[in-house]
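First comes the structure, then the notes that go with it.
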Amino acid sequence: MSRPIVVGVDGSESAKAALDWAIDDAARRGRPLRIVHVREPWKSERPFTKAHEEHTRSEQEARLLAASEARARTRAPGLNVTTAHLTGAVTQRLLTESETADTLVVGNRGLGGFAGLVLGSVGLHLAGHAHNPLVIVRAPAHAGNGEVVAAYDGSDDADAALEYALKQAAAIGARVLVVYAERYPSLAPQGAGYGPLLAGAFADVETEIRQRLAPWREKYPGVELVESIVRGHPVPILAAASRTADLIVIGPHGLGGFASAVLGSVTHGVIHRVHCPVAVIRAPRRPS
């Protein structure tokens, strides 16, 4: 069976935006959609601050899932849609969902179990540990210009991110802009960009990037692929690009000094500052 697009909902505006993105992605790529809500077991049926609420928490969550399913069927008639009301720690349940998902989609801020997502430990944990692509969507919905931006540094994660960007661009009819941010000074240790791309095989960064992108152009001939080498820190550069892009795609960490970290400093900064959806893509891990 085809792996589903899994989206977490909680009634927040960013979760609605995430749901719409997930619906559209499932429809254009021919994937089933799985809508999940995670109920943390320590939460009471009737919060003390809303003791006289007409509906219990379980009833409200069931209504949320039903409304989300109806929204999906209206937005994409014929889409294979299922829902799940889960109980447990939010991060762990979502990570478990990501094991069998094609993509996990969440909003950048939420209510209840998703509170503090991205800006807090929940979202950062997902970005560092999700087994498959994680897409984080902001509200309100962002109108892009037909461009998917891929951060690139030559690492395995960057190649995985680039392939995901190419697949998304092919699905939505967009071009892919590959961004390599070269920091100052270029000869400083670990100073060249999002990671030390140069490995001594080429005379300059431009030549190496063209060589590295050539196989991707052959693999996806129907997608326009352009490269941009810019001077400066990658976080503000990618944040600026996100104002008009449909999607920013980045690996959880690059080849730089943060390569051993669960989540690199550049990816951490991009997640906090982007204006459009951001996809965090992890390359399959090789056996140690």
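For the residue pair S155 and D157, no side-chain donor N or O sits within less than 3.5 Å of a side-chain acceptor on the partner. In this structure, a donor-acceptor pair under 3.5 Å is present between the side chains of D25 and Q168.
For A169, the side-chain contact (heavy atoms from CB on, under 4.5 Å) partners are V148, A174, V176, V223, not counting sequence neighbours. Qualifying side-chain contact (heavy atoms from CB on, under 4.5 Å) partners for E163, counting only residues two or more places apart in sequence or in other chains: K167, W216, K219, Y220. For H131, there are no ring pair (Phe, Tyr, Trp, His ring centres under 6.0 Å) partners at least two apart in sequence or on another chain. For R243, the side-chain contact (heavy atoms from CB on, under 4.5 Å) test picks out H275, with sequence neighbours left out. Under the side-chain hydrogen bond (donor to acceptor under 3.5 Å, both in side chains) criterion, R210 pairs with E206, sequence neighbours left out. Partners of D159 according to the side-chain hydrogen bond (donor to acceptor under 3.5 Å, both in side chains) rule, which considers only residues two or more places apart in sequence or in another chain, are Y152. Listed by chain and residue number, E13 satisfy the side-chain contact (heavy atoms from CB on, under 4.5 Å) test with K16 (two or more places apart in sequence, or in another chain). With sequence neighbours left out, the side-chain hydrogen bond (donor to acceptor under 3.5 Å, both in side chains) criterion links E224 to no other residue. With sequence neighbours excluded, the residues that form a side-chain hydrogen bond (donor to acceptor under 3.5 Å, both in side chains) with R71 are D20. Remark: D102 engages R29, R31 in a salt bridge (charged side-chain N to carboxylate O under 4.0 Å, His left out) (not counting sequence neighbours).
Summarising the geometry of S228 relative to L177, their closest heavy-atom pair is CB-CD1, 3.8 Å, with the distance given to 0.1 Å. Across all their heavy atoms, G146 and D246 have their closest contact at N-OD1, 2.6 Å. Of all non-hydrogen atoms in A101 and R3, the two that sit nearest each other are O-NH1, 3.5 Å. Here the closest heavy-atom approach between residue A150 and residue L162 is recorded as CB-CD1, 4.2 Å. Taking each heavy atom of R28 and A171 in turn, the nearest pair found is CD-CB, 4.0 Å. In plain terms, the two heavy atoms of V280 and G251 that are nearest each other are CG1-C, 4.3 Å.
The local environment of CZ in R73 is crowded, with over 12 non-hydrogen atoms from other residues, nucleotides or ligands closer than 6.0 Å.
Residue pairs meeting the ring pair (Phe, Tyr, Trp, His ring centres under 6.0 Å) criterion with at least one partner in residues 76-109, sequence neighbours excluded, are H37-H85. Within the structure, salt bridge (charged side-chain N to carboxylate O under 4.0 Å, His left out) contacts touching residues 80-99 (residues at least two apart or in different chains) are R34-E97.
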>> Could you go through E208 and R212, starting from their C-alpha distance and side-chain angles, then the distance that decides it, and tell me whether this counts as salt bridge (charged side-chain N to carboxylate O under 4.0 Å, His left out)?
In response: CA-CA 6 Å; E208 181 167 0; R212 288 175 180 264; 2.7 Å; yes
>> Using side-chain contact (heavy atoms from CB on, under 4.5 Å), reason through V278 and S242 one step at a time and then give a plain yes or no.
In response: CA-CA 9 Å; V278 56; S242 74; over 6 Å; no
>> What verdict does the side-chain contact (heavy atoms from CB on, under 4.5 Å) test give for V178 and L213, after you've listed the backbone C-alpha separation in whole Å, the side-chain angles of each residue and the deciding distance to 0.1 Å?
In response: CA-CA 9 Å; V178 178; L213 295 184; 4.2 Å; yes
>> Applying side-chain contact (heavy atoms from CB on, under 4.5 Å) to I5 and V105, what does each step give before you reach the verdict?
In response: CA-CA 7 Å; I5 308 297; V105 186; 3.9 Å; yes
>> Go through it in stages, so that I can follow the logic: the residues are I250 and I281, the test is side-chain contact (heavy atoms from CB on, under 4.5 Å), and I'd like the CA-CA distance, side-chain angles, deciding distance and then a yes or no.
In response: CA-CA 6 Å; I250 192 169; I281 312 299; over 6 Å; no
> Please walk me through it: do S12 and D10 pass side-chain hydrogen bond (donor to acceptor under 3.5 Å, both in side chains)?
Replying inline: CA-CA 6 Å; S12 65; D10 66 356; 2.8 Å; yes
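Side chain of R138 to backbone of V274: a donor-acceptor contact under 3.5 angstrom is found. The closest donor-acceptor contact from the side chain of E59 to the backbone of T56 lies under 3.5 Å.
The CZ atom of R217 lies 10.0 Å from the CG atom of L166; values are rounded to the nearest 0.5 Å.
Tested against I35 for a side chain to side chain contact (heavy atoms under 4.5 Å, CB included), the candidates T83, I23, L64 yield a single pass: T83.
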